[in-house]
Amino acid sequence: AVVQVLGQLLRIGVTVGALMLPVTQGLEYSCAAIVLGTLAGEVFSFFVLLAFYLAHLARTPAPREKTHRLTPRLLGIALPIAVSAYARTALFTLQQMLTPRGLRSSGASGESALATYGIIHGMVLPLLLLPSASVGVLSQLIVPELTESQVTGRAPRIDYIVNRVFRLGLFFATGVAGVMLFFAGELGDLVYHSAEAGYYLRIFAPLAVVMYLDTLVDGMLKGLGEQVASMGFNILDALSGVLLVYFLLPRYAIGGYVFAVFFTEILNFSLSIGKLLSITNLRPRFWTQLRAALCVIFARAAAYLILPAGLWANSPASLFARILLTVLFYLLGLYLTDCLTREDFAWFKTLLRRDR
């Protein structure tokens with residue numbers, strides 16, 4: 001976590017510093033400055049992680065007994081993840097190259113077509129995925145927990161973790177989707193000063209539930225040794241995105257791109273959750289999902305009654321206060337309807353202590 005934060009800070013610092021130089025004026029040089037910042041952050045993170053690893057190796061005593069087949073077992077985990085990442089990156093790059101071509105072929109001008117695409121890809125989706133950092137942390141924390149339970153043959157423990165993580169992830173994703181949906185217009189104006197960004201944020205907000213849960217399910221599959229299946233799902237997801245962009249964008253323009261994003265995310269999640277259901281006793285409950293959605297609606301209504309939209313002249317402080325109230329009322333609703341219990345909080349604290 002420390003390395004990630006430092007790497008991001010260095011990346012931002014180098015990028016901003018390079019963009020402020022006189023030589024980087026112009027589109028091409030500005031893009032080069034961004035690439036330079038990214039490269040600096042990645043190289044820095046690699047060497048710092050390597051230093052941490054070597055330091056840990058130096059102070060850790062050698063095992064008394066040789067670990068059986070350690071290298072093949074490590075490669076069996078690492079290679080599918082690496083292949084999936086490389087393949088998805090290549091396919092995603094191809095999709096990025098095909099998108100402007102498809103938008104121009106639809107009849108729209110190059111500038112207007114790319115402007116809308118830039119709003120979705122560069123403004124809406126990053127804002128929608130910003131809270132997913134918490135889900136990413138949880139998906140990493142449960143990997144060793146599930147692996148240990150699987151190795152020791154504790155199937156009931158696996159089912160307990162899978163059901164609890166999925167349920168908590170559902171509540172979190174539903175809350176994020178609700179906030180993004182109800183406050184899309186105001187968030188678009190505040191963050192980007194763009195009504196169009198708010199419009200598309202409202203369209204993509206429900207997809208947050210699928211995207212966040214897919215991150216958790218993917219982590220659980222890796223923890224249960226299903227990284228090969230996860231690799232296949234990710235590659236199929238990326239490949240389907242390339243095909244949809246190639247065939248739909250020339251005819252349906254930005255509507256085709258929106259459909260492609262929804263289709264690929266739902267496809268990946270459907271395949272992943274299907275695999276998880278087949279190897280565990282995961283029991284998603286419709287009534288629980290419905291209660292979470294009703295709690296979001298209740299929270300929005302309660303926050304609006306206490307702080308109407310016109311209060312404080314729609315200032316950032318007013319927006320922050322209404323979002324905070326919505327979140328608090330949402331958590332209260334989950335607690336009062338027995339969706340969240342004290343056991344849930346106690347389990348999560350145990351998981352964090354275990355990670356340390």
Besides Val5, the hydrophobic cluster formed by Ile, Leu, Val, Met, Phe, Trp and Tyr side chains linked at under 4.5 Å, directly or via other members, contains Leu9

Q. Do Val48 and Leu10 share a hydrophobic cluster (ILVMFWY, side-chain heavy atoms under 4.5 Å, transitive)?
A. yes

For Phe286, the hydrophobic cluster (side chain heavy atoms closer than 4.5 Å, chained through members) also holds Trp287, Leu290, Leu294

What donor-acceptor contacts under 3.5 angstrom involve side-chain atoms of residues 49-60, with partners at least two apart or in another chain?
from: His56; atom 1: NE2; to: Thr60; atom 2: OG1; distance (Å): 3.4
from: Thr60; atom 1: OG1; to: His56; atom 2: O; distance (Å): 2.5

Interatomic distance, CD@Glu42 vs CZ@Arg11, rounded to 0.5 Å, equals 7.0 Å

Discussion item. In this structure, would Tyr160 and Val165 fall into the same cluster of hydrophobic residues linked by side-chain contacts under 4.5 Å?
Written reply: yes

Within 45° of the ring axis of Phe166 and under 6.0 Å from its six-membered ring centre, is that where the NZ or CZ of Arg283 lies? no

When rounded to the nearest 0.5 Å, the distance separating CD of Gln96 from CG of Leu98 is 10.0 Å

Item to complete: Spell out, yes or no, whether Phe171 and Leu331 are grouped together once hydrophobic residues are joined by side-chain heavy atoms under 4.5 Å, including indirect joins.
Response: yes

CE (Met180) and CG (Leu129) are apart, to the nearest 0.5 Å, by 8.5 Å

Minimal heavy-atom distance between Thr337 and Cys295, with the atoms involved, is OG1-SG, 3.9 Å

Looking only at heavy atoms, the pair that brings Leu334 and Ala292 closest together is CD2-CA, 4.2 Å

If we only count heavy atoms from C-beta on, is the Arg101 to Tyr246 side-chain gap below 4.5 Å?
yes

*Any side-chain heavy-atom pair of Leu307 and Ser318 under 4.5 Å*: no

| task | Verify side-chain contact (heavy atoms from CB on, under 4.5 Å) between Leu319 and Leu187, making sure each step is shown before the conclusion. | result | CA-CA 8 Å; Leu319 176 60; Leu187 286 171; 4.1 Å; yes

Q) When clusters are formed by joining ILVMFWY residues with side-chain heavy atoms under 4.5 Å apart, either directly or through shared neighbours, do Val35 and Phe44 land in the same one? A) no

Separation between CZ (Phe92) and CG (Leu239), nearest 0.5 Å, reads 14.5 Å

Task: Full working for side-chain contact (heavy atoms from CB on, under 4.5 Å) between Phe329 and Ile306 - done: CA-CA 11 Å; Phe329 278 122; Ile306 296 176; 3.5 Å; yes

Give the table of side-chain donor-acceptor pairs shorter than 3.5 Å for residues 247-267, with sequence neighbours excluded, one pair per line with atom names and distance.
from: Thr264; atom 1: OG1; to: Ala260; atom 2: O; distance (Å): 2.9
from: Thr264; atom 1: OG1; to: Val261; atom 2: O; distance (Å): 3.1

Applying side-chain hydrogen bond (donor to acceptor under 3.5 Å, both in side chains) to Ser272 and not counting sequence neighbours gives Asn268

Go through Arg322 and Tyr304 one step at a time and tell me if the side-chain contact (heavy atoms from CB on, under 4.5 Å) criterion holds. CA-CA 7 Å; Arg322 281 182 284 119; Tyr304 182 82; 5.7 Å; no

### Query
When hydrophobic residues are tied together by side-chain contacts of less than 4.5 Å, even through go-betweens, does Ile120 share a cluster with Tyr199?
yes

Between Leu127 and Pro131 the two heavy atoms that sit nearest each other are O-CD, 3.8 Å

- prompt: Quick check: does any side chain N or O of Ser194 sit under 3.5 Å from a backbone N or O of Ala197, one acting as donor and the other as acceptor?
  reply: yes

Contacts satisfying side chain to side chain donor-acceptor pair (under 3.5 Å) that involve residues 288-299 (not counting sequence neighbours) are none

Sequence neighbours excluded, the answer for salt bridge (charged side-chain N to carboxylate O under 4.0 Å, His left out) partners of Arg167 is Asp344

Salt bridge (Lys or Arg N to Asp or Glu O under 4.0 Å) pairs touching residues 228-248, sequence neighbours excluded, are Arg88-Asp237

All heavy atoms of Ala173 vs all of Ala208, minimum pair found to be CB-O, 4.1 Å

Heavy-atom side-chain proximity of Asp189 to His193 below 4.5 angstrom
no

Interatomic distance, CD1@Ile161 vs OG1@Thr280, rounded to 0.5 Å, equals 11.5 Å

Apart from Leu75 itself, members of its ILVMFWY cluster (side-chain separation under 4.5 Å) are Leu79

key: Validation row: Thr116, Tyr200 side chains within 4.5 angstrom (heavy atoms)   = yes

Decide side-chain contact (heavy atoms from CB on, under 4.5 Å) for Glu148 and Arg154; before the verdict, give the C-alpha distance in whole Å, the side-chain angles of both, and the deciding distance to 0.1 Å. CA-CA 9 Å; Glu148 180 183 355; Arg154 293 187 293 172; 4.2 Å; yes

Connected to Phe320, directly or through other members, by ILVMFWY side-chain contacts below 4.5 Å are Leu324, Leu328

Between Val296 and Gly178, the two heavy atoms sitting closest are CG1-CA, 3.6 Å

Using the six-membered ring wherever Trp is involved, compare the ring planes of Tyr117 and His121 and label them parallel, tilted or perpendicular (cut-offs 30° and 60°). parallel

What one should report as the nearest heavy-atom pair of Leu325 and Ala303 is CB-CB, 3.9 Å

**Asked** With a 4.5 Å limit on heavy-atom distance, are the side chains of Leu201 and Leu128 in contact?
**Response** yes

Between the CZ atom in Phe172 and the CG atom in Leu213, the distance rounded to the nearest 0.5 Å is 11.0 Å

**Request:** Give a yes or no answer on whether the side chain of Tyr192 reaches the backbone of Met123 with a donor-acceptor pair at less than 3.5 Å.
**Result:** yes

Side-chain donor-acceptor contacts of residues 215-227 below 3.5 Å, not counting sequence neighbours, with atom names and distances?
from: Thr215; atom 1: OG1; to: Met211; atom 2: O; distance (Å): 3.2
from: Asp218; atom 1: OD1; to: Ser230; atom 2: OG; distance (Å): 2.2
from: Asp218; atom 1: OD2; to: Lys222; atom 2: NZ; distance (Å): 3.2
from: Gln227; atom 1: NE2; to: Gly76; atom 2: O; distance (Å): 3.1

Asp159 meets the side-chain hydrogen bond (donor to acceptor under 3.5 Å, both in side chains) criterion, sequence neighbours left out, with Asn281

